Number of protein chains: 2
Amino acid sequence: MDTLETRELRYFVAVAEELHFGRAAERLGMAQPPLSRAIQQLERRLGVCLLQRNRRGVRLTGAGEVLLHEGRAALDATAAAARRTRRAGGADSPGGPRGRLVLAVKAAASHELLRKLLDAYAAEPDSAEIEVLPCGISEQEELLRDGRADVALMHTPWNSLAGFDSEALTTEGQVAVLPAGHPLAARETLSLADVRDVPDLPLARWPTQGTYAPGPGPEIHNQTQLAQLIALGRTVAVVPDSARSWLWAEHTAVPLTDAPPVVTHIAWPAHSRSLALAGLIRTAARL
Amino acid sequence: MDTLETRELRYFVAVAEELHFGRAAERLGMAQPPLSRAIQQLERRLGVCLLQRNRRGVRLTGAGEVLLHEGRAALDATAAAARRTRRAGGADSPGGPRGRLVLAVKAAASHELLRKLLDAYAAEPDSAEIEVLPCGISEQEELLRDGRADVALMHTPWNSLAGFDSEALTTEGQVAVLPAGHPLAARETLSLADVRDVPDLPLARWPTQGTYAPGPGPEIHNQTQLAQLIALGRTVAVVPDSARSWLWAEHTAVPLTDAPPVVTHIAWPAHSRSLALAGLIRTAARL
DNA sequence: GTCCTGTCATACCTGCCAGGTATCACCGAG
DNA sequence: CTCGGTGATACCTGGCAGGTATGACAGGAC
């Protein structure tokens, strides 16, 4: 009947993630019995069975899956409220810091665009201070959701824009990056099929949502590593056009005819109302 | 440092909405002093001044505005978690009710489409039960956010799809609905300028977000009322093509050449993961 | 079968804090 | 000046969150 408390959600999410009361309690910094009791109370209040306590471990019920998902979203929203409020604090003092904005960008992506955006925005009449927060591409959405960032430069098709407002800024093609001496490097253009089926050059794999797709290619952790592996003739990678800026002399980029185009968007939490953010978006749209 | 509690958010939102501790306390069913103290604690914990207590009333600071906005979103997300979990409860019992879905539709909009959608979905192999929740167009987004609904049929440009996933279903033009005898009713087509400037027929006004735009036309509360006023020759309205289904004999619909097209979307909370919902969306996309 | 181990639930206690009542301090209107 | 209306303070109390100790129960090893 009454509303869920943040504490209850935190407890349930911990248990649902660990699937183990003892470990969850440890993670929460508390003893196991009160945690068990809190979850029981939660189930009673919701009138729903959340966990299947088998003799030997715990499993989520359907309702539990729902609460895990929705509860995470609610906790994110709550954390975002706290963080954004703190960040806005003190913005009243006349002459004080105008609300700072945190911009999440995938490290080293959209170099040029980012530089132009920051310069253009700084030149605006009353621009806020922008803090650039470099992060992995899969973190951006989380940062925006839980309030650690206010706005992000995202790249479809890798990022999902679901749940955010966004505006498309630029579109670019993709290129295959090959070792300079490789036979394919002499071609004018390539197709995805061409680079997927090179026996001596397995396609590099990078993590999506923290896990690597199966495949023969090496697992890539960062750009420098990728650059080196390509230069050594051990792999080939498909990257957006703008990545040419960080290529080495031993690399050759060949345009791909059938790779999906990469669109850079500026994205922000839906219904964000902030003058500073609106100004940044306006500036970006004019680039 | 630590996380905001739902209770604190509820208290703050009440005070921020009422701008009056006494009334807020009454609304919350509690006494005023503990409420004052709770807000003070909240400010201390966040390290931020949220309210400007003038002698004689209360005003929001910038940080307070942020917390009001973000706090409402967090409370909505929390309420949604509770509601959707309750709704999913019992879905485990084999043969029990497969997760019910609540579909929010503007009353009387998209008749035909809705009927086709419900029929087609019911014919699917393992379809869930769909509860149709008729509501005003401005309520739909709120219902989706706070979990009272799982999916909605929305109409741009009236609804905002920001924050939701969505898929476009149909596009239609708009028509002007005039009293049958009116001179303009004889025309083949009209432009928006034509209907806006008819001296004897001021354009009907309906509420957007609960308030009426200023203007000479009558304020409309429901469709029947609108139909009657048009039939009486007192007003003219611009409505989507599909609204022809509820017109009277005394009405004439004339296509508008320059009205923005109305797109019907099926929309749902971003990142919703539910088999029943996925099935409904798939069915809708095939129509 | 009999341990032992790992798990979650129960019983019971305690200290903190949310919330209540009574009252104060302050200011503007008359 | 007094009065009404506001939010803040002082102080008390009951409920509940959380801790400790222990139980119930199921597997696995043998």
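Chain letters run A, B, ... following the sequence lines, proteins first and then strands; every chain starts at 1. For the numbers below, each heavy atom of this structure counts, side chains included, while hydrogens, waters and symmetry mates do not. Predicted model only: the values in this text are computed from it and were never measured.
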Integer-rounded Å distance: [N] [atom2] and [X] [atom1]:
X	N	atom1	atom2	value
B/Ile39	C/dA18	CD1	C1'	14 Å
A/Glu18	C/dC8	CD	P	11 Å
A/Gln41	D/dG18	CD	P	10 Å
B/Glu26	C/dG19	CD	P	17 Å
B/Arg44	C/dC17	CZ	P	12 Å
B/Arg53	C/dA25	CZ	C1'	15 Å
A/Tyr11	D/dC16	OH	C1'	12 Å
B/Leu28	C/dA18	CG	P	15 Å

Exercise for review: Between D/dT6, D/dA17, C/dG20, spot the one nearest the side chain of B/Pro34, thanks.
Suggested key: C/dG20
Study note, to complete from the structure: Closest of C/dA18, C/dA9, D/dA8 to the A/Phe21 side chain is C/dA9
**Study point:** hbond_proxy A/Gln40 side chain to C/dA9 base (donor-acceptor, 3.5 Å cutoff)
**Key:** no
Check your understanding: For the side chain of B/His271 and the backbone of A/His69, is there at least one donor-acceptor N/O pair under 3.5 Å apart?
Key -> no
Exercise for review: Verify, without hydrogens or angle tests, whether B/Arg205 (side chain) and B/Ala213 (backbone) share a donor-acceptor contact under 3.5 angstrom.
Suggested key: yes
**Study point:** Exceeds 12 heavy-atom contacts within 6.0 angstrom, atom CZ of B/Arg27
**Key:** yes
Is [X] touching bases, backbone alone, or none of the nucleic acid, heavy atoms closer than 4.0 Å?
X	value
B/Glu8	nothing
A/Arg37	base
B/Glu5	nothing

Review point. Distance check: side-chain N/O of B/Ser36 vs OP1/OP2 of D/dA8, anything under 4.0 Å?
Key: yes
Review point. Do the side-chain N or O atoms of A/His20 get closer than 4.0 angstrom to the phosphate oxygens (OP1, OP2) of C/dC8?
Key: yes
Review point. Mapping B/Pro33 and B/Ala38 onto DNA chain C by nearest heavy atom, which one lands closer to the 5' end?
Key: B/Ala38
Check your understanding: Would you say the side chain of B/Asp150 lies within less than 4.5 Å of the side chain of B/Leu103, judging by non-hydrogen atoms?
Key -> no
**Study point:** Cationic N near anionic O, under 4.0 Å, B/Arg72 to B/Glu142
**Key:** no
Exercise for review: Between B/Gln32 and A/Arg7, just flag the one whose closest nucleotide in DNA chain D comes earlier from the 5' side.
Suggested key: B/Gln32
